[in-house]
Each structure stands twice: as structure tokens, then as C-alpha cells.
Amino acid sequence: MHNLKEIRKDFDSFKKALEKRTIDIDIDKLKNLDLKNREFIQKKELLEKEKKEISKSKDKSLFAKSKEISLSIEKIDSQQKLVKDDLDKILSNIPNIPHDDAPIGKDENDNIELKKNGKIPKFDFKPKSHYELGEKLNMLDFDLASKTTGSRFVFVKNKLALLERAISNFMLDTHINKNGYEEISPPLLASENTMFGTGQLPKFENDQFEVKLDKENDRKFLIPTAEVILTNIVKDTIIDLKSLPLRFVASTPCFRKEAGSYGKDTKGMIRQHQFYKVELVSIVEQNKCLEELERMTNCATNILDLLELPYRKMILCTGDMGFSAEKTYDIEVWLPSENRYREISSCSSCSTFQANRMKTRYKNQAKETLYAGTLNGSGLAVGRTLIAILENYQQKDGSIIVPKILRPYMNNLEKISLN
RNA sequence: GGAGAGAUGGCUGAGUGGUUGAAAGCACCGGUCUUGAAAACCGGCAAAGGGGCAACUCUUUCCUGGGUUCGAAUCCCAGUCUCUCCGCCA
């Protein structure tokens, strides 16, 4: 959410900045509402002051007048509230302003590759897809999932279940012990207000799974990413400067409706309604966002280096960034069966955008109250890491070599095969 | 599910109708003292919003929403959340 006070300084450049995202807002409407809102506030404050003075004077002859004033205040107040609601509604649907570092562009085709790492494996046979491999091993079962649950779910079984767990634990351990993140095991349900804080609501309600509770107006949602719940740890707080930066990591299931992606990635476990992800979240002083973004992205790519998986680092263009982000790096891992790179991590700085929504602040050395910077990144998506390992480490006979770094997490298992 | 207690500033906590935005303590910041630190002492320290180039100033806020009153942290009603006890259950 944007701070209206900041927008007010220069409405036109605000509008222009949003055009980078190919978003066109009715700036005159915004300007107008803001003006009206402030007019009402001024009127109201004038009357309130008058009323306050009467009550202080304790002059009985003025009591009737005070009563009258109360009525006019009420009237103005309800008008002002309508305008304010309108204003909030518009503001809460406007995405973050892209940072100048983000290349201008329309969609994913305009993203820019920054670097490539790792060796793309060469096969003397036609590499199989992860679902062919997994099904042949009897360790990925999509049919069973559609029987018990529906499409876009999967049963991971046996040694692949162990592998999934190993991936998750390895990533957690690395981020906790080497990268200084605090481990969190959070709730998987989030309140409406929490979902608003990180920007999932109100605009993206269709992507969220809402859980029915008995009470009508108490809405809960399955988290689409741990970002939601980890970032909101600092909702409604003024953080002690000394405790910054805060760094949290969690491995959680994530739930997404994937409403807009019918027919996309229908095969396999690339795009599921439920998947595990290790998520990194940082809360920092607002001027340290970009610095932290580099650090966080390195934490993510470091995992791929350790797993010896080939990847490339992309910077997202203005048109492809998420709602709350000012700057985003995507890490894409090589998938032999598709002969291309696929997203496995996305690291974003949200500047003070989420903090404004969550009311997360800190006091700097000069005692000014400032909104914090928030960042989030996958470190990494566990399901897709599993896919990448299956495909990149596959052997001709359909067995899978276990990456060295994971073996300690799997009773030193070196190879996953049928027997 | 049954019974009770509570919600006040960054934290602890006083305050039951009229300069109370709110005592006190802690924390924090600045200073004195000290070789340095601690202690002690002195001073400062809520947020949001409005007006103003600024100095500054005004309004709101004691869980939320209504109500009573000239006036509400304080009284009434509804709701939310938290805690304790009992029951049930992982």
C-alpha cells in the first residue's frame, strides 16, 4: 500500500511510475478524493475543537449548542468515511512502484538473464520427464491423488518421500546454520488481515483457498506461501532498531488455486495446488532493502550450487513482477526433459509496501518512526527441487543418483532405483 | 462445550465521569560525574491524521463497534481476542 502523503507530493510521477507496470490509474479521481477527504477532515476538526472548548468551559448555557455540533460532526464524519473507504479501496489495489533497477518490459519475455551457473548434463539417451521417472519408480502417484483428492495433487512415496524430506531439511539447516535465519514452524492458516498485509488480498482472492469456519465474518485462508505468515510476524509493531535485521525461514506446505493457469503444466508436479517450499523472509531498515535482496538471492543460489544443479539468474521486468515487489530476481533451474530453465525461486524486495499495509515500523537513530523494508524469497521450492534432481541426476536405467550433499540426510543412500 | 478473569504507551502497570495523552517503574536517547564502565543524579521519550515553507499547531486514539452525557480510559450494550479452571481430544 502506498502512502498517500508521498503520492500527494507528485501525483503525475506516481501515475507514470505505475505505467511501467502497464497499469493505468485514474489519477484525477484519486486526487479528487484526497482533496475531498481532507476538506471533510478540516471541517470536522474545526467543530471538534469548538465542542471541546464548550465542554471544558462547563458553561451550561452552551450545552445545547454543543449537542448541535455533535450532530453536524456526525454528518460530516459519515461523509468523510465514505470518501476514505473509496480512497482505501483504490489504494489497496495499486501494486508497488518498480525500482529503477527493474528493466521496463511487458511480460516474462522481457526478463533479463544476469548469469548462468552449473553444468548442463549431457545424456547419451533421451532424458525422461520427472513424472515418467517417478511413476516408473512407483514413487510418484498422480492417479492415486486424483482418486483421493482431485487434479493437481500428488502422492510422493517411498524413497522420493525421503528425498523430499531430505531436501527440505538440508535447505533449512543451511539457512539456519550458515545464513543466520531463525527457524519458524508457523500456522498454515492466515486471517484476512494477514493476507491483506502481504498483498494477497483484496486483489487476489480468487487464487486463495478459503477455509470455512463456523463464524461468518471470521475468514481464514490457507497460506499460498510462508511469506504471508512469516512477514506478518511484525504486523502492527514498532520494532526495536537493535533487533533488525530479522531473518526467518520456514518449510511449509503452500496452497494455491492456480485459477488462471488452466491447461498449463497439467502433467507432473510442476504446478500443484499443494507443494512444499522453504521460504526466507527478511525485515530490514528501509534503506537496506537492495543490499538484503542480493544477500537473500545468494542464499538461494547457494543451495543450487551445493546441489550441483545448473541454473540461471533472471531479473524480472516491470510487467512481470508480483504485486508487492519493487525488484525481483527469479532463479531458474535446468530441466532436461523440457530442454529449458524453469523457475525454482523468486526473491523480491517489497520496499516499504507491505510494511505500510501491515503497519510495521521502527525508529531510526534520529528517533523518527519509519516503515520497515520487507523481503521474501524461496530458498527453494522443494517440489521443484525434487523435479530438478530427478531429471538432472537420472540414469539410463531410470534410477536416480542422490546428490552428495543430501546423502547424510538419507542414511547415505547413493541411488534411488526400483529395488 | 461449561464457569470465571482480563485487554491502557516499546514493555510492566496505576487510574472508575471534567486540563488524564494518561501516574510510576523498566527500556531507550542526551547530559553530569568517572581513567573507562557500572551506579547515582538531571533532562528527554506514544502513534496516526490535518494545517503550515518552517518554527509550530490542531484533531483523534486507553481492544473493536454502538449507546448514555455538555463532557467517557472511566457508565451501558454488542462483538473480538487473551488467560485460568472443568469437560473432551490430538
Side-chain angles (χ1 to χ4, degrees), chain A residues 1-11 30-92 185-197 211-221 229 232-246 253 283-286 352-372:
Chain A
M1 185 114 106
H2 296 284
N3 195 331
L4 196 52
K5 269 202 253 180
E6 296 299 318
I7 300 175
R8 194 144 62 210
K9 285 181 191 160
D10 190 348
F11 280 100
L30 198 67
K31 220 189 263 186
N32 245 313
L33 286 172
D34 178 44
L35 220 62
K36 258 203 237 167
N37 182 236
R38 284 185 293 156
E39 267 171 34
F40 282 132
I41 288 172
Q42 284 169 46
K43 270 194 210 168
K44 199 168 74 171
E45 288 189 350
L46 216 67
L47 291 172
E48 274 165 345
K49 195 179 175 193
E50 201 178 334
K51 190 178 149 181
K52 208 173 172 179
E53 268 155 18
I54 291 175
S55 123
K56 256 187 192 168
S57 75
K58 298 186 202 171
D59 181 346
K60 278 192 183 149
S61 66
L62 294 172
F63 286 177
K65 173 129 196 244
S66 171
K67 187 93 184 172
E68 239 171 73
I69 293 172
S70 293
L71 289 173
S72 1
I73 289 177
E74 229 169 277
K75 237 192 235 161
I76 296 169
D77 191 55
S78 62
Q79 285 174 293
Q80 189 256 335
K81 264 189 186 145
L82 285 177
V83 174
K84 186 72 178 23
D85 282 355
D86 246 9
L87 214 45
D88 285 343
K89 208 169 158 191
I90 292 172
L91 285 175
S92 60
S185 175
L188 304 179
L189 288 180
S191 70
E192 192 174 6
N193 182 261
T194 292
M195 295 286 278
F196 176 85
V211 176
K212 270 223 160 94
L213 293 180
D214 296 340
K215 290 176 204 157
E216 195 56 42
N217 45 6
D218 182 20
R219 308 181 73 193
K220 306 265 190 254
F221 298 83
I229 204 91
N232 275 281
I233 286 174
V234 293
K235 178 173 78 172
D236 289 318
T237 50
I238 298 178
I239 307 165
D240 189 350
L241 182 63
K242 274 190 274 184
S243 59
L244 292 178
L246 290 167
I283 315 293
V284 302
E285 290 173 68
Q286 55 175 226
T352 56
F353 185 82
Q354 292 179 325
N356 264 285
R357 295 179 153 246
M358 297 189 299
K359 305 202 169 25
T360 300
R361 291 146 296 172
Y362 66 96
K363 283 192 203 252
N364 66 6
Q365 210 68 47
K367 295 222 136 199
E368 296 165 305
T369 307
L370 299 175
Y371 284 101

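Bear in mind the structure is a predicted one, so any value in this text is a computation, not a measurement. Lettering follows sequence order; numbering is per chain, from 1.
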Query raised in the report: Once you round it to whole Å, what is the distance between C1' of B:G50 and CG of A:Leu4?
Result: 12 Å

Query raised in the report: How close or far is atom P of B:A48 from atom CG of A:Asn356, stated in whole angstroms?
Result: 11 Å

Query raised in the report: Is a side-chain donor-acceptor pair under 3.5 Å present for A:Lys235 with A:Thr194?
Result: yes

Query raised in the report: What integer distance in Å separates A:Glu48:CD from B:G51:C1'?
Result: 14 Å

Query raised in the report: Hey, does the side chain of A:Lys67 come within less than 4.0 Å of B:C70's phosphate (OP1/OP2), counting only N and O?
Result: yes

Requested in this report: Using the P atom as the reference point in each nucleotide, state the distance between B:G21 and B:C26 in Å, no decimals.
Outcome: 25 Å

Requested in this report: For A:Ser57, report the nucleic acid contact type (base, sugar-phosphate, nothing); a contact means any heavy atom under 4.0 Å.
Outcome: nothing

Query raised in the report: So what does A:Ser66 touch, heavy atoms closer than 4.0 Å: a base, only the sugar-phosphate, or nothing?
Result: sugar-phosphate

Query - 5' priority, RNA chain B, between A:Lys81 and A:Ile54 [closest heavy atom] - result: A:Lys81

Report task. Ignoring backbone atoms, test whether A:Ser55 places a side-chain nitrogen or oxygen under 4.0 Å from the OP1 or OP2 oxygen of B:G18. Result -> no

Query raised in the report: So, is A:Gln42 close to the B:G51 phosphate, meaning a side-chain N or O under 4.0 Å from OP1 or OP2?
Result: yes

Report summary line: Atom NZ of A:Lys5 and atom C1' of B:A48 are separated, to the nearest Å, by 8 Å

Query raised in the report: What is the base-pairing partner of B:G43, counting Watson-Crick and G-U wobble geometry with both distances under 3.5 Å?
Result: B:C29

**Report entry** A:Lys51 side-chain N/O to B:G71 phosphate OP1/OP2 under 4.0 Å
**Finding:** yes

Query raised in the report: Does the side chain of A:Arg38 get closer than 4.0 angstrom to OP1 or OP2 of B:G51 through an N or O atom?
Result: yes

Report task. Return the nucleotide paired to B:G79: Watson-Crick means purine N1 to pyrimidine N3 with N6-O4 or O6-N4, wobble means G-U with N1-O2 and O6-N3, both under 3.5 Å. Result -> B:C63

Query raised in the report: Is any side-chain heavy atom of A:Ile283 closer than 4.5 Å to a side-chain heavy atom of A:Tyr362?
Result: no

Query raised in the report: Touch check for A:Lys359, heavy atoms < 4.0 angstrom, all strands: base, sugar-phosphate only, or nothing?
Result: nothing

Query raised in the report: Could you state the CG-C1' distance from A:Leu71 to B:U68, rounded to the nearest angstrom?
Result: 14 Å

Report task. May I have the distance from A:Lys242 (atom NZ) to B:C11 (atom C1'), rounded to whole angstrom? Result -> 13 Å

Query raised in the report: Quick one: are A:Phe40 and A:Val83 in side-chain contact, heavy atoms under 4.5 Å?
Result: yes

Query raised in the report: In whole Å, what is the span from the CD1 atom of A:Ile69 to the P atom of B:U69?
Result: 16 Å

Requested in this report: When you get a sec, tell me which of B:U69, B:G49, B:A47 is the closest nucleotide to the side chain of A:Asn3?
Outcome: B:G49

Query raised in the report: Judged by modelled atom types alone, do A:Lys220 and A:Ser191 share a side-chain donor-acceptor pair under 3.5 Å?
Result: no

Query - Same-atom distance (C1') from B:U82 to B:U64, integer angstrom - result: 15 Å

Requested in this report: Please evaluate the base of B:G51 for a donor-acceptor partner in the side chain of A:Glu45 within a cut-off of under 3.5 Å?
Outcome: no

Query - For B:G1, the Watson-Crick or wobble counterpart (both distances under 3.5 Å) - result: B:C86

Query raised in the report: Is the shortest side-chain N to carboxylate O distance from A:Lys89 to A:Asp85 below 4.0 Å?
Result: no

**Report entry** OP1 or OP2 of B:U80 under 4.0 Å from side-chain N/O of A:Arg219
**Finding:** no

Report task. Report yes if the side chains of A:Lys44 and A:Glu48 come closer than 4.5 Å at any heavy-atom pair, otherwise no. Result -> yes

Query raised in the report: With a 4.0 Å cut-off on heavy atoms, is A:Lys363 in touch with a base, just the backbone sugar-phosphate, or nothing at all?
Result: sugar-phosphate

**Report entry** Below 4.0 Å: OP1/OP2 of B:G71 and any side-chain N or O of A:Ser70
**Finding:** yes

Query raised in the report: What nucleotide among B:C58, B:G50, B:G66 has an atom nearest to a side-chain atom of A:Lys49?
Result: B:C58

Query raised in the report: Heavy atoms under 4.0 Å, any strand shown: does A:Lys56 hit a base, just sugar-phosphate, or nothing?
Result: nothing

Query raised in the report: Does any non-hydrogen side-chain atom of A:Arg8 lie less than 4.5 Å from one of A:Asp34?
Result: yes

Query raised in the report: Using atom C1' of each nucleotide, how far apart are B:G9 and B:C63 to the nearest Å?
Result: 14 Å

**Report entry** For B:G21, the Watson-Crick or wobble partner whose two distances fall under 3.5 Å
**Finding:** none

Query raised in the report: What nucleic acid atoms does A:Lys52 come within less than 4.0 Å of, heavy atoms only: base, sugar-phosphate, or nothing?
Result: sugar-phosphate

Report summary line: Across every strand shown, the nucleotide meeting Watson-Crick or G-U wobble geometry with B:G71 (both distances under 3.5 Å) is none

